[in-house]
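Before we start, here is the structure in question, set down as structure tokens.
The first residue in the sequence is number 1, and the count goes up from there. Please read all numbers here as calculations on a predicted model, not as lab measurements. When reading the values below, keep in mind they use all heavy atoms of this one structure, side chains included, and skip hydrogens, waters and symmetry mates.
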Amino acid sequence: MLALLKKEIHTFFNSPIGYLVIGVFLVLNGLFLWVFDGDFNILNSGVASLQNYFVLAPWILLFLAPAVTMRSFSDEKKQGTLEVLLTKPLSYAQIVLGKFLGSFCLVLIALIPTITYVYALRAFALDGSSLDYGSILGSYLGLIFLIASYVAIGVFASALTGNQIVAFIVAVFICFVLYYGFEGLSGYDALGGLINVESLGMSDHYNSMSRGVLDSRDIIYFLSITTAFILFTILRIKTSKS
């Protein structure tokens, strides 16, 4: 499985697409947070806070993660190498986990340079003021769990089709529904308040972690989403072989 993980990372960075995807993520964050005159601009907010970044990042990652994962199994199917991969002395779970962990590490690599925003913000902070490091740490942890869920969904979507573009669109759609869909439906209160519909979505649990308070319910939620889509992918690979 470790060899498969290394292969995924090597293949990604052996293509200009890998650098392009990471570059687009960092450029978009930089433009919205430091250049464009809008609601996300940190310099215009007048507050030494990275809250704008943690509001923006999930939406950019919603496209970045599927862009990274869309070729995981789609490319194997298109080139006819999936059958060869399945003959290796690896279980279905090891193959899927290798693909998942490879893509997960790649998205984390894109996230690492954004830590410089913390140092940049300290330079702009007023004398005597301090950053809310607890909230920042909680938000980064929330992003990591969110990335894991996005990547698991993306790998599953890639296992559904041999077309990378279709895999990308399906992954973006599922990620959007699970991140924002339940929040949008919560305003209708169709169930008469019997169920907190918003709590079924990823945004509610991500926002909870962004407040700097680690609740086991939020962690279990993200782990459940990630595990469920990994299991769906394993089942899909099994059925596609038979």
Quiz item: Quick one: are Y117 and L33 in side-chain contact, heavy atoms under 4.5 Å?
Solution: yes
Practice problem: Measure up the F40 and F32 rings against each other and bin them: parallel (under 30°), tilted (30 to 60°), perpendicular (over 60°). | Solution: perpendicular
Self-check item: T69 OG1 to I153 CD1 distance, which is reported to the nearest 0.5 Å
Solution: 9.5 Å
Practice problem: Would you name the heavy atoms of F25 and I60 that are closest together and state the gap between them? | Solution: CD1-CG2, 3.3 Å
Let me have the donor-acceptor pairs involving side chains of residues 154-165, under 3.5 Å, with sequence neighbours excluded, atom names and distances please.
unit_1: S158; atom_1: OG; unit_2: M70; atom_2: O; d: 3.2
unit_1: S158; atom_1: OG; unit_2: S72; atom_2: N; d: 3.4
unit_1: S158; atom_1: OG; unit_2: F73; atom_2: N; d: 2.7
unit_1: S158; atom_1: OG; unit_2: S74; atom_2: N; d: 2.9
unit_1: S158; atom_1: OG; unit_2: S74; atom_2: OG; d: 3.2
unit_1: T161; atom_1: OG1; unit_2: N163; atom_2: N; d: 3.0
unit_1: N163; atom_1: OD1; unit_2: I165; atom_2: N; d: 2.9
unit_1: N163; atom_1: OD1; unit_2: V166; atom_2: N; d: 3.2
unit_1: Q164; atom_1: NE2; unit_2: D75; atom_2: OD1; d: 3.4

Practice problem: Could you check H205 against L146 for side-chain contact (heavy atoms from CB on, under 4.5 Å), going step by step and ending with a plain yes or no? | Solution: CA-CA 9 Å; H205 295 274; L146 186 65; over 6 Å; no
Quiz item: What do the steps show when you test D218 against S208 for side-chain hydrogen bond (donor to acceptor under 3.5 Å, both in side chains), and what is the final call?
Solution: CA-CA 7 Å; D218 300 323; S208 176; 2.8 Å; yes
Quiz item: Which is it for V68 and V151 under the side-chain contact (heavy atoms from CB on, under 4.5 Å) test, yes or no, and what are the steps along the way?
Solution: CA-CA 8 Å; V68 170; V151 169; over 6 Å; no
Exercise. Might you point out which heavy atoms bring T233 and A152 nearest each other, and give the distance in Å?
Key: OG1-O, 4.3 Å
Exercise. Starting from the C-alpha separation in whole Å, work towards a yes-or-no answer on side-chain contact (heavy atoms from CB on, under 4.5 Å) for F222 and S149.
Key: CA-CA 6 Å; F222 282 114; S149 298; 3.4 Å; yes
Quiz prompt | Interatomic distance, L106 atom CG to L101 atom CG [nearest 0.5 angstrom] | solution = 11.0 Å
Exercise. Taking all heavy atoms of P113 and all of T116, pick out the closest pair and write down the distance.
Key: O-OG1, 2.7 Å
Quiz prompt | Closest non-hydrogen atom pair, S139 against Y206 | solution = O-CE1, 3.9 Å
Quiz item: Is there a side-chain contact between F104 and I144, using heavy atoms and a 4.5 Å cut-off?
Solution: yes
Self-check item: Verify same cluster id: I112, I147 (apolar side-chain graph, 4.5 Å)
Solution: no
Quiz item: So, F54 versus Y140, ring centres under 6.0 angstrom or not?
Solution: yes
Quiz item: Which atom pair, heavy atoms only, marks the closest approach of R217 to D215?
Solution: NH2-OD2, 2.7 Å
Quiz prompt | Working for side-chain contact (heavy atoms from CB on, under 4.5 Å), residues M202 and F145 | solution = CA-CA 10 Å; M202 291 192 284; F145 281 106; over 6 Å; no
Practice problem: Could you grab the distance from atom OG1 of T226 to atom OH of Y221, nearest 0.5 Å is fine? | Solution: 10.0 Å
Quiz item: Heavy atoms, side chains only, cut-off 4.5 Å: are L62 and Y180 in contact?
Solution: no
Quiz item: Is there side-chain contact between T239 and L235, with heavy atoms separated by less than 4.5 Å?
Solution: yes
Quiz item: Can you pull the side-chain hydrogen bond (donor to acceptor under 3.5 Å, both in side chains) pairs that have at least one residue in residues 166-179, sequence neighbours excluded?
Solution: none
Quiz prompt | Where L26 and T114 come nearest, the two heavy atoms and their spacing | solution = CD2-CG2, 4.0 Å
Practice problem: Using modelled atom types only, decide if a donor and an acceptor are shared between the side chain of S135 and the backbone of S210 within a distance under 3.5 Å. | Solution: yes
Exercise. Kindly indicate whether the side chain of L61, heavy atoms from C-beta on, has any atom under 4.5 Å from the side chain of L143.
Key: yes
Exercise. Would you indicate whether the side-chain heavy atoms of I174 and F229 approach each other to under 4.5 Å?
Key: yes
Quiz item: Would a line drawn from the ring center of F176 to the ring center of F173 be shorter than 6.0 Å?
Solution: no
Quiz prompt | Gap separating the CD1 atom of I220 from the OG1 atom of T227, nearest 0.5 angstrom | solution = 11.0 Å
Exercise. Nearest 0.5 Å please: distance from the CG atom of L64 over to the CH2 atom of W59.
Key: 15.5 Å
Quiz prompt | Rounded distance (nearest 0.5 Å) linking atom CG of L50 with atom CD1 of I136 | solution = 4.5 Å
